Amino acid sequence: MNVKKITALIALVLLCSTGFLTAQSICDNSTGQQGGYTYEYWKDQGSGCMELGSGGTFSINWNNINNLLARKGVRPGSKDNVVTYAADYRPNGNSYLCVYGWTRNPLVEYYIVESYGTWKPPGASPMGTFSSDGGTYEIFRTQRVNQPSIDGNTTFYQYWSVRTQKITSGTITVGNHFNAWAQKGMNMGSMYEVSFCVEGYQSSGTANVTKMEITTGGSNTPVPENTPTPVVTNPPTPTPELGPDAIVVRAVGTQGGENLDIKVGGATVASFTLTTTMEDYVTSGTGNVEVHYTNDDNVDNGMDVQLDYIIYHGTTMQAEDQTVNTAVWQDSSCGGSLSEMMHCSGYIAFPTGTEETPVPTETPTPTPPVTAEAKLAISPASKTVNLNSNFTLTVALSSNSKAIASYGIDVNYDSSLLAADTSTDADAAAAGTDGYIAAANASTPGKISITGFDVNGKGPGTNLNFLTIYLKSRAQKGTASVSIGINMITDPSTADVATATESGTVVITDGSNPGCELLGDGNNDGAVNIVDALLAAQLYVDPSTSVAAPDCLDVDCSGTVTIVDALLIAQKYVGSISSFDC
């Protein structure tokens, strides 16, 4: 055996796993230290990669992303930080080039936007302007209700400074912005981070940050305003008294004159004509809500709707969190999901989980159980596959007398034994021979979220081949469950269809081979450590090497043990990664 070669390989493994390489490409969500800065790459769906350069430099490319952030900075950072930067910034659609970060107590997400794509953030009326670093900035404050944050899903404010003239190189004195915000009653808390960030939202593009340095300095003195405005010490609240069944729709038109119909429980309860100012429109009712954009004329005249959120009986529901949006333009056609934009005549569905029921005037009688009008089932109900195997399952639809026109479902699977197979299909889901699909998202381990819309609907029928799901087994034996979660299902009249579900199981085996009890544990000692990385390197150099559990060393599920597996095992041992994405 070539001991010197193995020693060199394992040294390379350790070198890579401890982050000494200056260039690194990241295509999956990740946070770490590199070049003297903290980096973070995050996306929810779509494709994109971040390339880490020396120091604070980095580049990013993204394509058909829903939301993506790539950034380098300092944590916790300071209001005294000064950011000097230069970038070749080429967005195609909605994007920001900015300083970005968070504070706690109060929890605030903040943006200092230097340049942006086709849409000027954040779509609200400015609270005033001020000057800093040779430019003029508009101040905004927006609120996010029950949305993801550094402290989980919660409600928080966003503070914005947006440069009136776009630039892609310069200096940002962070404290000047904090002071200008404070003059508006927009106080910051304890610093969490100061980062230079490229964000993409429902867009594509590239950015090459060729210079980025964060130093401590700057005047941090009160900044004179160009436009005096009153100090706002408390967030404004709606003045009308709203009843318990009130529904508030917050929206804006790009041209003015866009019409919205509000349907509650399938019936139109109100119609509104939008202006070019983000406003609240109030109606009432009980039931699932659909906001319909009705007067798009299929001509590119710039008439679009941005629907921020609705407040249903006191609960805020963000439009970009809804799985059915038949009005958004996605993938070169009308219809999709997870967007607040409405480009076509269509609707965004807000499933509230409630429908209006009469108030009993006498002794209440028990509500009879809801009879399922349709059924979605995993087929086959039980499937046996080998270790490290790609396979498909079918979502079968039995709709009895109903036609299914729109749906939003989650296919849930045991992520410790299974993974989404995005090598066969980028979204791990496709329409079956009897079905349809608008969008799918397989970025969350253990779940594939799928939506679809067909104006005429599919069905009625029994055991229709509705959807094909692409999965792969990991290098570990066991029995995994696969189930269906329903967010909403409607018929062509937009009425809800009560739908039952049936789960399935996948048995993972490899016949006579004892299989893998712990992925990465090649010597079966119950732990994953540097010895296992050495075994993987030995097996790569000499395939005849005797190893107790060789299958467990194929941690990337490529079918063979390579030096990549040794690197991944070493990275897990030193803590650079928390798990194997097999």
Side-chain angles (χ1 to χ4, degrees), residues 323 372-400 404 407-435 437 440-452 461-489 498-521 549 551-552 554-559 579-582:
T323 58
E373 300 171 287
K375 181 178 70 175
L376 291 175
I378 297 295
S379 179
S382 180
K383 187 179 185 73
T384 300
V385 300
N386 289 330
L387 301 173
N388 302 324
S389 297
N390 296 344
F391 64 96
T392 63
L393 293 174
T394 296
V395 175
L397 168 67
S398 295
S399 61
N400 298 321
I404 305 302
Y407 68 89
I409 67 171
D410 296 327
V411 175
N412 305 299
Y413 60 87
D414 184 348
S415 61
S416 67
L417 296 173
L418 302 175
D421 175 18
T422 55
S423 63
T424 302
D425 185 279
D427 300 318
T433 55
D434 303 315
I437 189 170
N441 180 2
S443 62
T444 301
K447 180 172 70 174
I448 303 171
S449 298
I450 312 168
T451 60
T462 303
N463 290 326
L464 300 176
N465 185 343
F466 197 61
L467 294 170
T468 300
I469 307 300
Y470 298 94
L471 296 171
K472 61 182 178 181
S473 59
R474 299 186 183 274
Q476 187 168 336
K477 295 193 299 183
T479 300
S481 63
V482 182
S483 62
I484 301 171
I486 295 178
N487 299 314
M488 59 86 63
I489 294 181
T499 305
T501 63
E502 290 185 1
S503 302
T505 58
V506 178
V507 179
I508 304 165
T509 182
D510 65 351
S512 60
N513 192 299
C516 178
E517 298 298 328
L518 176 62
L519 196 59
D521 180 19
D551 286 338
C552 291
D554 180 21
V555 296
D556 65 354
C557 296
S558 65
S579 62
F580 301 117
D581 186 16
C582 185

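Computed from a prediction, not measured in an experiment: that's the story for all the values here. If you read the sequence from its start, that first residue is 1, and numbering goes on from there. No hydrogens, no waters, no symmetry mates; every other heavy atom, side chains included, goes into these values.
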Full working for side chain to side chain contact (heavy atoms under 4.5 Å, CB included) between Tyr407 and Ile450: CA-CA 8 Å; Tyr407 68 89; Ile450 312 168; 3.6 Å; yes
Worked verdict on Leu397 versus Ile404 for side chain to side chain contact (heavy atoms under 4.5 Å, CB included): CA-CA 9 Å; Leu397 168 67; Ile404 305 302; 4.0 Å; yes
Evaluation steps, side chain to side chain contact (heavy atoms under 4.5 Å, CB included), between Leu393 and Val411: CA-CA 11 Å; Leu393 293 174; Val411 175; over 6 Å; no
Test log, rule side chain to side chain contact (heavy atoms under 4.5 Å, CB included), inputs Val506 and Leu417: CA-CA 9 Å; Val506 178; Leu417 296 173; over 6 Å; no
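Rounded to the nearest 0.5 angstrom, Leu467 CG and Ile448 CD1 are separated by 10.0 Å. The distance from the CD atom of Glu502 to the OG atom of Ser379 is 10.0 Å, given to the nearest 0.5 Å. Separation of atoms CD1 (Ile489) and CD1 (Ile409) is listed at 7.0 Å; rounding is to 0.5 Å. Residue Asp427 holds its CG atom at 8.0 Å from CG of Asn441, rounded to the nearest 0.5 Å. Here Lys375 contributes atom NZ and Thr499 contributes atom OG1; the two are 11.5 Å apart, rounded to the nearest 0.5 Å. Distance check, rounded to the nearest 0.5 Å: CG of Leu471 to CG of Leu418 gives 6.0 Å.
In this structure, Thr323 and Ser449 have side chains that are not in contact, with every pair of non-hydrogen atoms separated by 4.5 Å or more. Taking the side chain as every heavy atom from C-beta outward, Ile378 and Tyr413 never approach each other to under 4.5 Å.
When every heavy atom of Ser443 is checked against every heavy atom of Pro445, the shortest pair comes out as O-CD, 3.4 Å. Scanning all heavy atoms of the two residues, the minimum distance from Thr422 to Ala428 falls at CG2-CB, 4.5 Å. Nearest approach of Ala480 to Asp414, heavy atoms of both residues: CB-CB, 3.8 Å. Nearest approach of Thr451 to Gly408, heavy atoms of both residues: CG2-CA, 4.2 Å. Closest heavy-atom contact between Asp434 and Phe466: O-CD1, 4.0 Å. The two residues Lys472 and Ala420 have their closest heavy-atom pair at CE-O, 3.9 Å.
Side-chain N or O atoms of Thr468 include none that pairs as donor or acceptor with a backbone N or O of Gly432 at under 3.5 Å. Put simply, the side chain of Ser473 gets close to the backbone of Ser389: a donor and an acceptor are under 3.5 Å apart.
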